[in-house]
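First up is the structure itself, then whatever we jot down about it.
Reckoned from all heavy atoms, side chains included, excluding hydrogens, waters and symmetry mates.
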Amino acid sequence: MLQSPSHFEPRLDLQLSDEALVHLFHLDRYINRAEQPMMMTWGQARSAGFEGHRVHSMGLLDGQPHFAVAVPDDFEPGAAPEGFRAAGLRNWFGVLDDLPLSLAMRAVQVLEWDRTHRFCGACGTPTERAAGERAKRCPACKLTVYPRISPAMMVLVTRGRELLLARGVNFPPGRFSALAGFLEAGETIEQAVVREVREEVGVEVDGLEYFASQSWPFPNSLMIAFTARWVGGDIRPDTAEIAEAHWFTEDNLPSLPPRLSIARSLIESTLARIRGQG
């Protein structure tokens with residue numbers, strides 16, 4: 001499961017220098033070397049011809065400053081300097097090492113929040129960066145907005161030695177995963193789990209147990225994962241969201257999510273627990 005390093009120290013007050021490491025984006029497209037991608041310094045990025053349009057101090061990792069840097073919006077991804085490419089972060093899975101990928105996933109959320117909050121949502125006035133916190137403030141009506149994080153639940157339902165896995169309508173052919181969905185206003189995360197399972201596949205659950213959480217920047221989610229026990233009902237997929245859903249055992253598992261995802265960790269951990277029960 002991919003996560004930012006535990007010793008990463010968020011900082012807002014760092015100054016960009018040629019020695020600082022940068023996570024370079026055009027809108028939501030990550031920019032790096034097409035072959036053997038790695039973290040770049042700002043000096044290397046500038047030498048390759050990139051310009052910084054919006055810059056945000058991210059923090060320190062082992063004493064090294066990291067920055068999120070957006071190139072100008074009119075940058076043409078197809079015209080990237082020779083040897084570089086710009087692509088959505090999903091396209092870098094399995095290509096970029098876990099450490100730079102985890103920090104890039106943090107950087108893109110900061111940059112997208114900055115890009116989409118250049119004007120006040122209440123009165124339309126251009127916003128300003130707030131001092132001392134990661135926030136945008138309206139100088140006219142004083143509305144303050146922080147990077148948006150949308151909590152989403154994920155749950156792996158078990159029935160004895162079986163796992164309930166579903167294929168979303170937008171999944172690749174054959175790919176199955178745990179159930180997931182966003183919280184409604186006023187819900188607890190536990191209420192959301194029960195509701196989403198009922199809505200998506202028509203079964204009832206109890207015995208929720210927290211597993212883990214993972215920041216997921218597509219575009220700005222916090223995935224909060226649980227296991228739960230089936231207590232009743234037959235699978236009836238909501239075809240607007242679920243293409244198909246079935247009970248699986250370890251002997252007949254379908255294609256699963258990539259290993260960097262919390263979904264894969266949740267499935268593998270649950271399988272290990274079932275094996276341990278004999």
Side-chain angles (χ1 to χ4, degrees), residues 1-4 89-90 93 105 109 148-278:
M1 185 173 71
L2 192 65
Q3 293 182 326
S4 294
L89 273 177
R90 290 185 189 272
F93 288 4
M105 290 169 69
Q109 294 185 73
R148 185 177 67 183
I149 300 173
S150 301
M153 73 87 208
M154 175 175 286
V155 62
L156 183 58
V157 180
T158 62
R159 186 176 67 179
R161 302 182 71 85
E162 297 176 303
L163 311 180
L164 199 167
L165 300 174
R167 185 170 70 83
V169 294
N170 296 316
F171 281 19
R175 172 76 57 79
F176 283 73
S177 185
L179 299 172
F182 287 98
L183 272 69
E184 298 284 350
E187 277 186 322
T188 66
I189 187 69
E190 294 83 2
Q191 289 171 332
V193 169
V194 173
R195 174 185 55 78
E196 284 283 352
V197 173
R198 182 183 298 132
E199 291 178 355
E200 291 191 353
V201 294
V203 305
E204 300 296 326
V205 297
D206 69 5
L208 274 62
E209 293 188 8
Y210 173 76
F211 172 69
S213 65
Q214 182 182 36
S215 177
W216 198 241
F218 301 104
N220 45 35
S221 302
L222 175 67
M223 300 298 297
I224 307 167
F226 293 81
T227 58
R229 294 191 305 265
W230 172 88
V231 294
D234 297 321
I235 295 176
R236 298 186 308 277
D238 174 4
T239 56
E241 296 189 33
I242 304 296
E244 55 182 318
H246 307 285
W247 292 105
F248 294 91
T249 66
E250 186 172 16
D251 296 329
N252 70 337
L253 290 174
S255 173
L256 299 176
R259 292 188 180 278
L260 58 79
S261 70
I262 191 172
R264 183 63 172 266
S265 296
L266 175 63
I267 293 168
E268 291 185 346
S269 175
T270 302
L271 288 171
R273 176 173 55 81
I274 291 172
R275 287 188 215 107
Q277 294 172 348

Considering all heavy atoms, the nearest G186-Q191 contact = O-OE1, 4.2 Å
Give a yes or no on this: more than 12 heavy atoms of other residues, nucleotides or ligands lie within 6.0 Å of atom CG of N252.
-> yes
Heavy atoms only: give me the nearest A192-E187 pair and the separation to one decimal.
-> CB-OE1, 3.4 Å
Do you know the tightest heavy-atom contact between R167 and P172?
-> CD-O, 3.9 Å
Check the side chains of S215 and Q109 for a donor-acceptor pair under 3.5 angstrom, ignoring hydrogens and angles.
-> yes
Roughly how far, to the nearest 0.5 Å, is the CZ atom of R195 from the CG atom of L183?
-> 7.0 Å
Mind running side chain to side chain contact (heavy atoms under 4.5 Å, CB included) on M105 and L89 for me, showing each step along the way?
-> CA-CA 8 Å; M105 290 169 69; L89 273 177; 3.9 Å; yes
Between the CG atom in L2 and the CH2 atom in W216, the distance rounded to the nearest 0.5 Å is 7.5 Å
Taking all non-hydrogen atoms of both residues, which atom of S255 and which atom of G174 are closest, and how far apart?
-> CB-O, 3.4 Å
Can you tell me if CD on E250 sees more than 12 non-hydrogen neighbours from other groups inside 6.0 Å?
-> yes
Heavy-atom pair with the smallest gap, counting every atom of V169 and T239 = CG1-O, 3.7 Å
Would you call the rings of W247 and W230 parallel, tilted or perpendicular, where under 30° means parallel and over 60° means perpendicular?
-> perpendicular
Residue that, paired with P257, satisfies side-chain contact (heavy atoms from CB on, under 4.5 Å) out of L165, I262, I267 | I267
Taking atom CG of D238 and atom CD of E196, what is their separation to the nearest 0.5 Å?
-> 9.5 Å
Go through the structure and list residues passing salt bridge (Lys or Arg N to Asp or Glu O under 4.0 Å) with R148, not counting sequence neighbours.
-> none
Distance in Å, L163 CG paired with L253 CG, rounded so as to fall on 0.5 Å steps | 6.5 Å
Hey, mind stepping through F211 and L156 against side chain to side chain contact (heavy atoms under 4.5 Å, CB included) and telling me if it holds?
-> CA-CA 10 Å; F211 172 69; L156 183 58; over 6 Å; no
Is the CG atom of D206 crowded by more than 12 outside heavy atoms at less than 6.0 Å?
-> yes
Where do V205 and A228 come nearest, in terms of heavy atoms and distance?
-> CB-CB, 3.9 Å
